[in-house]
Structure formats: structure tokens, C-alpha cells
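Working notes, beginning with the structure itself.
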Amino acid sequence: MRLGSYAIYTIRMLDNSHTAPLSLYLHVPFCGTRCTYCAFNTYTNAESQIPAYVAALCNELYWLGSAVQQPLHTLFFGGGTPSLLSPSQIANILATCRAAFEVLPDAEITLEVNPISVTGDYFEQVRALGVNRLSIGMQSAHSGELRLMARDHDVEAVPRTVRAARAAGFENLSLDLIFALPYQTLAMWLESVQAALALQPQHLSMYALELENGTPMTRDVGRGRLPLPDDDLAAEMYEVADRLAAQNGLFQYEISNWAQHGKECRHNLQYWHNLPYLGVGAGAHGYANGIRYSTVRPIPQYIARAGGQSAPLPFPFTAAVEAHEPIDAQTAMLEHLFTGLRLVRQGVCDSDFQARFGVSLLAQFGRPFAMLRDQGLLRQEGDTWRLTDAARLISNRVFAALF
Ligand code: SF4
């Protein structure tokens, strides 16, 4: 749906999530090079636009913040490569956030980092600004795999980056890995997992390769130029990585995420708890006040629209919002299940569901839940429902059955 006029929505939601603290995602759509598997809204050779982009982002934040009541408890600089922003640009953005919103004193503030572009001095400066969590794109410990993905860093850059971050005082580090890559064997994958665990991160994300439309990797796999591991091998990679992570004190809390106790990503938990979040920047997504929305994707259009706003709009709109959709109660309940069941330890609790939506989980979804339980894909303990271990790898099948 295109945003034609800024009507004030008066959707009567059963959902009471509007009282929760908010999360804020800040999209930074600049990268040094383009990875072969990437379908994110990000651009290369566009660094000259960063100053104008930061100015537009700050203007968007200013007007959005002026319409917000709830405090922010997480901020996440994602991309793209947010570490292409200078410390003074990050300082400018964070100062605008603190002026426009109430940022809680213990807010989690994450910066995504590519291991190529950062030094100890950079880490010290952004830590002094309040950034307290780093998410480092490791992806693999094999130089051949990094080349295949067209990553712009070498294997040694990751431990060097982790050492520099620790020396600057960061105590909450997350690493990302990708498995089921072309030509990847179980032994190669385990070497990457062991290399990541040897760096003792507080948090580890391990994603199966997703073949997104339009990427070079998808094209080459489609033409038979790149062989992928079969499903059984991918499942074995996942199971073994889960065991290794647990042996090293990282416990799975979401389908693709492991953490030390207390170091789960609070920002991403906001998504998985289906609670409201704001998205700013080019091609960002948000969900607040019963409305899911996205902003315009090309950088020049974003700069023109966000930078040109000169008055507040009804929450959660800004001039950069390009599309939006009201989320009705039935959709909100389904999304609550899709995101909540991803939390493999926590699951979805009937009493929480009732408190939020005013209706019993089993009254709404009793039949598919019983069927999925009988198929060994859901398990019930008291009034909590969780994916079984077997279902973690085929969660889409579970979610499809709930429609
Ligand atoms: S660094 Fe990240 S956002 Fe940039 S091209 Fe690679 S995968 Fe995409």
C-alpha cells in the first residue's frame, strides 16, 4: 500500500504492546564491496553521500522522536556497514537520538562491524559515545569461502578485530557465521565454528545460507556452477554446531542464535517478542501503533524525503515512509506465534497470549497446535508451547500450518 495521506489511525487493537519500551533500528546502506549472497538495501561506491545521509537521518530521528511517548531501550546500527560511519557521525546520530527520545540509561546500543575497516582507536571512540555491543561479520574461517562470498576481509582480520574491541573495553561481542555454503564440508564448517568459539564471543549467530532473488550466488547455484550441501548435511552442520556452542557456554535461545545467559540480543528479542520497533534510514522497516511500515530505499530519494521534513507527522510516520499496512488483531496474533516460536527455549505461553490479546491461544489455534504436537513438531509443557528439536530446521512448515 502506498502512503498517500497521513491519516491518523484509530485501529482498535486487542494487542496491548503499545505500552512497551521501543527499539530503534538505524539503517546504514553503505558497503565497501558487495557480497555475492547479499540482498540487503546497501550500495557500494556511495560513500560521498554519507554526510548528507547522516544529516537526513538526524532530521528523520528528530521528527519521529517528537511524536514518541515511550522510551527507547535498544538501538541497533545495522546495514550495510555501519562502521563506515566516522565516530563524529555516530556521535551526531546518538546525540540526536538522546535529544529527540528518552534513551534509557541501560539501553543496549549495538553497532554492526565489518572486520576490515576498524581500529582500536575507532572502538575506543564509539565506546565512549555509549555503543556497548558489537556484532562482527565473521561469516567463515576459510579464506576460500570468504573469497566465494566476496567478503572484503581476510581470516586474520576477525581475531584482530576482536582483540582491538576487547582492548577498548567491549565486553559484549557477537559473531556471525554462515553455513551450508557451496563446496562446504562438515569438517570445514566445524573449523569455522571452532575458530569463532575460540574467540569467546558472548553471542553467536549461525545462519544457513539463504539464496535471495537476484544475487550472484543465487544465479550461480541456479545455473549449476556452485554445488550446495544437501539437506541432510546442512542439518548435521546445524546439530553439531549447536552441541559445540553449548559445550562452550553458548546456549541456543532462537533458531539461529546462541548466547551466554544474560547476553541474548535485547534488540532482536524485541522483534521475536513481537513488540514495537522503529526503523529509520533508507529501506528500514518498523512496526508500531498497529502499523507495519517501510521507508524509501534509494539513498538520494531518502535524503530528499527525510531531509526535507519540516513538521511532525502522526506516529509512526515520517516523510521517508513509502509503504505501510495496518496490522489487525488476527494478523498480530499470527505474527506473535511466528516470532515467539522462534525462541526455542522460551516458546509461546498461553497466559501471556491471553494477557496480550484477550483470547486463549488454544481457542484460536487449538486444532493446528494439536496436529503439530501429534506430528512431533511442537511440544507442550504446562501452558507453554515450543518447537521440538526436529522442528527447528523446518520451522517454515510449522508456521505454514498455522494459517
Ligand atoms: S557487508 Fe553485509 S550488507 Fe554489505 S554487502 Fe556484505 S552482506 Fe551485504
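- Of all heavy-atom pairs spanning Glu212 and Ala39, the tightest one is CB-CB, 3.5 Å.
- Arg379 and Glu381 are joined by a salt bridge, as a carboxylate oxygen and a charged side-chain nitrogen come within less than 4.0 angstrom of each other.
- Counting only distance, with no hydrogens or angles, the side chain of Glu108 and the backbone of Arg266 share a donor-acceptor pair below 3.5 Å.
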- prompt: Taking it one step at a time, do Phe317 and His324 satisfy ring-ring contact (aromatic ring centres under 6.0 Å, His included)?
  reply: CA-CA 9 Å; Phe317 294 119; His324 72 286; 5.1 Å; yes

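- Residues Asn274 and Thr339 bring no donor and acceptor atom of their side chains to less than 3.5 Å of each other.
- Under the 4.5 Å side-chain criterion, counting only non-hydrogen atoms from C-beta, Leu250 is in contact with Leu197.
- Ser140 approaches Met149 most closely through the heavy-atom pair CB-CE, 3.9 Å.
- Within the 3.5 Å criterion, the main-chain N or O of Gly376 finds a donor-acceptor partner in the side chain of Thr388.
- Residues Tyr43 and Asn41 have side chains that bring a donor and an acceptor to within less than 3.5 angstrom of each other.
- With Glu236 contributing its side chain and Leu233 its backbone, the two residues share no donor-acceptor pair below 3.5 Å.
- Although no hydrogens or angles enter the test, the distance criterion places no donor-acceptor pair under 3.5 Å between the side chain of Arg397 and the main chain of Leu377.
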- request: Take His27 and Tyr25 through the ring-ring contact (aromatic ring centres under 6.0 Å, His included) test and state the conclusion after the steps.
  value: CA-CA 6 Å; His27 191 66; Tyr25 175 81; 5.8 Å; yes

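- Across all their heavy atoms, Glu112 and Gly78 have their closest contact at OE1-CA, 3.4 Å.
- With Gln89 contributing its side chain and Ser86 its backbone, the two residues share a donor-acceptor pair below 3.5 Å.
- When every heavy atom of Tyr238 is checked against every heavy atom of Ile255, the shortest pair comes out as OH-O, 2.6 Å.
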message: If you apply the rule side-chain contact (heavy atoms from CB on, under 4.5 Å), what do you find for Leu341 with Leu378, and how did you get there?
response: CA-CA 9 Å; Leu341 286 172; Leu378 285 186; 4.1 Å; yes

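- A donor atom on one side chain and an acceptor atom on the other are found under 3.5 Å apart for His73 and Gln270.
- In the model, Glu322 has no side-chain atom that pairs as donor or acceptor with a side-chain atom of Gln301 under 3.5 Å.
- Judged purely by atom type and a 3.5 angstrom limit, Trp272 has no side-chain atom pairing as donor or acceptor with the backbone of Gly340.
- Ring geometry for Phe170 versus Phe123: interplanar angle over 60°, hence perpendicular rather than tilted (30 to 60°).
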query: Going through the checks in order, is the side-chain contact (heavy atoms from CB on, under 4.5 Å) test met by Phe369 and Leu361?
result: CA-CA 9 Å; Phe369 267 48; Leu361 179 58; 4.0 Å; yes

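- A donor-acceptor contact under 3.5 angstrom links the side chains of Asp242 and Trp258, judged on distance only.
- Formation of a donor-acceptor pair under 3.5 Å by the Thr44 side chain with backbone atoms of Phe30 is not found in this model.
- Using a 4.0 Å cut-off between a side-chain N of Lys or Arg and a carboxylate O of Asp or Glu, Arg292 and Glu335 qualify as a salt bridge.
- Asp383 and Ser351 are linked by a side-chain donor-acceptor pair at a separation below 3.5 angstrom, with hydrogens and angles left out of the test.
- Across Phe179 and Ala234, no two heavy atoms sit closer than the pair CE1-O, 3.6 Å.
- Proximity of Met138 to Thr161: side-chain heavy atoms (C-beta onward) are nowhere separated by under 4.5 Å.
- In this structure, Arg392 pairs ionically with Glu239, as a charged nitrogen and a carboxylate oxygen lie closer than 4.0 Å.
- Results of the side chain to side chain donor-acceptor pair (under 3.5 Å) test with Tyr253 over Glu264, His261, Arg342, His203 single out His203 as the only residue that passes.
- Between the side chain of Asn59 and the main chain of Gln309, a donor-acceptor pair closer than 3.5 Å is present.
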query: Step by step, would you call Val28 with Thr81 a side-chain contact (heavy atoms from CB on, under 4.5 Å)?
result: CA-CA 6 Å; Val28 182; Thr81 305; over 6 Å; no

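- For Gln252 and Arg345, the side-chain atoms include no donor-acceptor pair closer than 3.5 Å.
- Of the N and O atoms on the side chains of Gln346 and His273, at least one donor lies less than 3.5 Å from an acceptor on the other residue.
- Here the OG-CG distance, from Ser192 to Leu177, works out to 6.0 Å after rounding to the nearest 0.5 Å.
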